[in-house]
Amino acid sequence: MSKMLERLKEEKVVAIFRNIEDQYADKAAEALLAGGITMMEITMNTEGAAGMISRWREKYGDQAAIGAGTVLDLDMAKEAVDAGSEFLISPNLDEAVVDYGLKKGVSVWPGVMTPTEIVRAWKSGAEAVKVFPMGTLGWKYLAEIRAPLDKIPMMATGGVDLDNIADYFKAGACAVGMGSKLVNLDWVRTGRFDLLTDKARQFAEAAKSL
Ligand SMILES: O=C[C@H](O)COP(=O)(O)O
């Protein structure tokens, strides 16, 4: 198992930064770090994502793992790795991205939905998958697919919040990806970084207790 997957299993929460404006990004990252969240995913459809990744590696790399999300294809994977991403996450499965990550020694956790996609991802060399969109599929779906596919680590992403996070871990998730409920852009844009820290603390504590 890669060091990054070990870390994911230990930390259990990846914070997803999507469409955050560069001017607020560092304060938001610091607010989450203060609350105990240390795995940060910047989605590649965020303006200036690559620059943010490089900067965060430099500024927070000793405390946080910084990776890229919404890595849809090989070009995006190359851009993300060149910027310093330590892991790559996607909503989809592109075997070329998995292969590239393996060659570069960067963890790739592709997005999957069906059992066929999960097994395809696993056979292509992905050491874990992101089951997405979890909020629509629901925790019972996760519990059912884990019966035959229990050896494949799964991160639940999409719609995860404090009132359902326990369900996903009980259903067998090894981690969760959390976007809008954790990196709340209304709070960010109105400077309420203390709320981000409080929420981060609650999620980090909830995840570690499960
Ligand atoms: O890629 C994943 C999603 O952006 C996360 O969705 P969320 O905002 O419901 O947590």
Side-chain angles (χ1 to χ4, degrees), residues 4 8 11-21 24-25 28-29 31-32 35-50 52-53 56 65-73 76-77 79-80 85-94 97-98 101 107-114 117-118 121 126 128-142 153-169 171 173-189 192 195-204 206-207 210:
M4 199 51 71
L8 177 71
E11 302 286 335
K12 295 186 175 172
V13 176
V14 175
I16 302 167
F17 294 78
R18 185 186 298 289
N19 293 331
I20 191 165
E21 290 82 4
Y24 306 123
L32 294 199
I37 298 283
T38 68
M39 296 193 78
M40 316 277 186
E41 167 191 338
I42 299 160
T43 69
M44 293 301 283
N45 62 346
T46 299
E47 206 176 320
M52 223 180 271
I53 291 166
W56 285 12
I66 310 297
T70 314
V71 178
L72 304 180
D73 56 29
M76 283 188 183
E79 189 185 359
S85 295
E86 297 174 276
F87 56 85
L88 304 177
I89 301 182
S90 313
N92 61 310
L93 167 63
D94 181 337
V97 171
V98 178
S107 291
V108 180
W109 304 321
V112 291
M113 192 167 83
T114 66
E117 289 169 358
I118 293 168
V129 294
K130 155 181 157 173
V131 184
F132 175 79
M134 200 72 258
T136 302
L137 297 165
W139 67 267
K140 286 184 185 165
Y141 178 83
L142 186 65
M154 296 181 195
M155 172 165 52
T157 302
V160 182
D161 203 351
L162 276 175
D163 60 1
N164 60 25
I165 189 171
D167 295 333
Y168 294 119
F169 282 107
C174 69
V176 293
M178 316 223 23
S180 50
K181 297 296 186 294
L182 176 57
V183 189
N184 180 318
L185 291 182
D186 286 336
W187 295 347
V188 166
R189 289 168 184 153
R192 290 178 292 171
L195 295 181
L196 255 75
T197 300
D198 286 348
K199 200 81 188 240
R201 192 168 290 126
Q202 289 172 51
F203 277 122
L210 295 165

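When a ligand or atom number is given, it counts from 1 through the structure's own listing order. The structure presented is a predicted model; accordingly, all values stated were derived computationally and were not measured.
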Over all atoms of both residues, closest heavy-atom pair of I165 and L162 | CG2-O, 3.7 Å
Which heavy-atom pair separates V13 from F203 by the least distance, and what is that distance?
-> CG2-O, 4.2 Å
Residues in side-chain hydrogen bond (donor to acceptor under 3.5 Å, both in side chains) contact with T43, at least two apart in sequence or another chain =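 Scan of T43 (side-chain hydrogen bond (donor to acceptor under 3.5 Å, both in side chains), adjacent residues dropped) gives N45, T46.
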side-chain hydrogen bond (donor to acceptor under 3.5 Å, both in side chains) partners for E79, two or more places apart =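 With neighbours one apart ignored, the set is empty.
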Among all residues two or more places apart in sequence or in another chain, which pass the ring pair (Phe, Tyr, Trp, His ring centres under 6.0 Å) test with Y168?
->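 Not a single residue meets the ring pair (Phe, Tyr, Trp, His ring centres under 6.0 Å) criterion with Y168.
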Short question: side chain of K12, backbone of F169 - any donor-acceptor pair under 3.5 Å?
->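 No, the answer is negative, given that no donor and acceptor are paired below the 3.5 Å cut-off.
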Around ligand 1, what residues show up once you keep those with a heavy atom under 4.0 Å from it?
-> I16, R18, K130, F132, T157, G158, G159, M178, G179, S180
